[in-house]
Amino acid sequence: MVFTASDIAIRQRPSSKLSTVNWAQLMFGRTFTDHMFCADFIDGQWTDFRIEPYGNISIEPSLSALHYGQSIFEGLKAFRGVDNRVRIFRPEMNAKRLNASARRMCMAELPESVFLEGLRALLKVDSDWVHGEPGYSLYLRPFLFATETYLGIKPSDSYRFMIIASPVGAYYEGRIRVRVEQEYSRASAGGTGTAKAAGNYAASLYPALLGQKEGYRQLIWTDSATHTQIEESGTMNLFIVHNGTLMTPPLDSNTILAGVTRDSILALSRRRGWETKEETISVDFLASGLADGTITEVFGTGTAATIAFIECIGINGTDYSLSDLGIESKGAQLAAELYSIKMGENPDEFGWNWNL
Ligand SMILES: Cc1ncc(COP(=O)(O)O)c(C=O)c1O
């Protein structure tokens, strides 16, 4: 299928809601731009590519996504750079990951060109929503769900792909407290942990709530079989700095989501010539390194916050604290470098930015 921007029908909202936005008090994921991109998979092919005013969609109660969970999503951001140009960060990675999720969940794959041109078309009509102040961005949420109206359990024969967009502000919630989870699991071998499947997030809510009641903002997930190996932190990939080496668990367990930020941080660290390893991190290694001070930094990486610095980790009833190394830390240096690439300040040597 050769798909181009001219295949997208544009139905614009008569007037913009932009002037009603309170930019100083934006809450993540609560405000949406004027438009959304939609496409449908019907009779074995993608069709009806369109930009519509953001708004309600009509569904039947028997919609199979609601009952059997064929529902996947992506998350990425657009930035208005120092030169006033709008850029999207590495969208082709998200297009590929959406299709990897679709394969695992037995859903129709989407041509990458539809994903990318859909993003471009949406950003064109809503480009004024990409705020240029430092720290602001436009969060983009592509998602795909089953639309067959049928209560039998089987792969749906129709799907809807949509992209909605939500402006996010320059918030910094500070360093966070996390706890290593050794009872519940986010993902299991042979399961759906590598897919960005909606049900994975539903399954994580209850254990996360228990952790929050104990005063921990997020959980560090461990492997489901033994609960001895570190996997991820909340909805972020996890990094540690041990004796100066940057380390993160490898993806070969097939239980960890392959983060775009993870990949970018690894690339920037290696380019600086810093020792960088994708290596299994056991809970014991983490605990002893925190106790003897050989682990100096622990942080999560993800699109929403880029890097979330961790100040305290609860392991088996003991809280281990980490000193605040501030802007000297490896995590902070990498986060600053990544941010300036996204803003068009630093040269984009890896070709990560997709200019609008
Ligand atoms: C489970 C999980 N791990 C890691 C990540 C980080 O991925 P990315 O850097 O692509 O946002 C996310 C967020 O998408 C996630 O949901």
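Atoms within each ligand, like the ligands themselves, are counted from 1 in listed order. Source: prediction; values computed, not measured.
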Undergrad: Which one holds for Arg97 and ligand 1: side chain close, backbone close, both close, or neither close, with close meaning a heavy atom under 4.0 Å?
TA: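 The side chain, only.
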
Undergrad: When you check the gap from the basic side-chain N to the acidic O, do Glu232 and Arg186 get nearer than 4.0 Å?
TA: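 So Glu232 pairs with Arg186 through a salt bridge.
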
Undergrad: Out of all atoms in ligand 1, which are within 4.0 Å of some heavy atom of Thr301? Include the element for each.
TA: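 The list of qualifying atoms is 6 (C).
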
Undergrad: Numbering the atoms of ligand 1 from 1, which are under 4.0 Å from a heavy atom of Gly302?
TA: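 Near Gly302, meaning under 4.0 Å from one of its heavy atoms, ligand 1 has 6 (C), 9 (O), 11 (O).
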
Undergrad: Is Arg262 close to ligand 1, meaning an N/O of one under 3.5 Å from an N/O of the other?
TA: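 Such a contact does not occur with ligand 1.
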
Undergrad: Could you check atom 15 (C) of ligand 1 against the protein and tell me its nearest heavy-atom contact, residue, atom and distance included?
TA: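 Sorting protein heavy atoms by distance from atom 15 (C) of ligand 1 puts Thr235 O, 3.3 Å first.
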
Undergrad: Please write down residue, atom name and distance for the protein heavy atom closest to atom 11 (O) of ligand 1.
TA: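 Residue, atom and distance for the closest contact: Thr303 OG1, 2.7 Å.
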
Undergrad: Quiz question: by atom type and distance under 3.5 Å, do the side chains of Arg90 and Ser264 form a donor-acceptor pair?
TA: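 On atom types as modelled, these side chains qualify, holding a pair under 3.5 Å.
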
Undergrad: Side-chain contact, heavy-atom cut-off 4.5 Å: Leu123 with Leu140?
TA: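 In short, these two side chains touch, coming nearer than 4.5 Å.
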
Undergrad: I'd like to check which ligand 1 atoms, numbered from 1 as shown, lie under 4.0 Å from a non-hydrogen atom of Val260.
TA: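 So the atoms of ligand 1 that pass are 8 (P), 9 (O), 10 (O).
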
Undergrad: Could you label the plane-to-plane angle of the Phe41 and Tyr159 rings as parallel, tilted or perpendicular, counting under 30° as parallel and over 60° as perpendicular?
TA: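 Correct class here is tilted.
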
Undergrad: Please state whether the rings of Phe37 and Phe49 are parallel, tilted or perpendicular, taking 30° and 60° as the class boundaries.
TA: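 Parallel, since the angle between the ring planes stays under 30°.
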
Undergrad: Identify the protein heavy atom lying closest to atom 9 (O) of ligand 1, giving its residue, its atom name and the separation to 0.1 Å.
TA: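 Looking at atom 9 (O) of ligand 1, the protein heavy atom closest to it is Thr261 OG1, 2.6 Å.
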
Undergrad: Tell me whether Arg186 has any N or O atom under 3.5 angstrom from an N or O of ligand 1.
TA: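 No, there is no polar N/O contact under 3.5 Å.
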
Undergrad: Should you measure from each heavy atom of Gly259, which atoms of ligand 1 turn up under 4.0 Å away?
TA: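 Within the 4.0 Å cut-off of Gly259, ligand 1 contributes 7 (O), 8 (P), 9 (O), 10 (O).
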
Undergrad: Has Glu74 got any heavy atom lying under 4.0 angstrom from an atom of ligand 1?
TA: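 It does not; every heavy atom stays at 4.0 Å or beyond.
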
Undergrad: Between side-chain atoms of residues 307-319 and protein atoms elsewhere (two or more places apart, or another chain), which donor-acceptor pairs fall under 3.5 Å?
TA:
from	atom 1	to	atom 2	distance (Å)
Asp319	OD1	Tyr216	OH	2.5
Asp319	OD2	Arg177	NH2	3.4

Undergrad: For ligand 1, find out whether one of its N or O atoms is nearer than 3.5 Å to an N or O atom of Tyr201.
TA: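 Yes; at least one N/O pair falls below 3.5 Å.
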
Undergrad: Please check if the distance between the ring centroids of Phe79 and Phe89 is under 6.0 Å.
TA: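 Phe79 vs Phe89: aromatic centres not under 6.0 Å.
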
Undergrad: In the protein, what heavy atom is nearest to atom 3 (N) of ligand 1, and what distance, to one decimal place, separates them?
TA: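 For this ligand atom, the closest protein heavy atom is Glu232 OE1, 2.4 Å.
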
Undergrad: Any chance the side chains of Ser224 and Ser185 put a donor and an acceptor closer than 3.5 Å?
TA: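 Absent: no donor and acceptor within the cut-off.
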
Undergrad: Looking at Glu275 and Lys330, is there a salt bridge between them, counting it only when a charged N and a carboxylate O are closer than 4.0 Å?
TA: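 No.
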
Undergrad: Tell me, which protein residue and heavy-atom name are nearest atom 14 (O) of ligand 1, and how many Å apart are they?
TA: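 That would be Lys196 NZ, 2.6 Å.
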
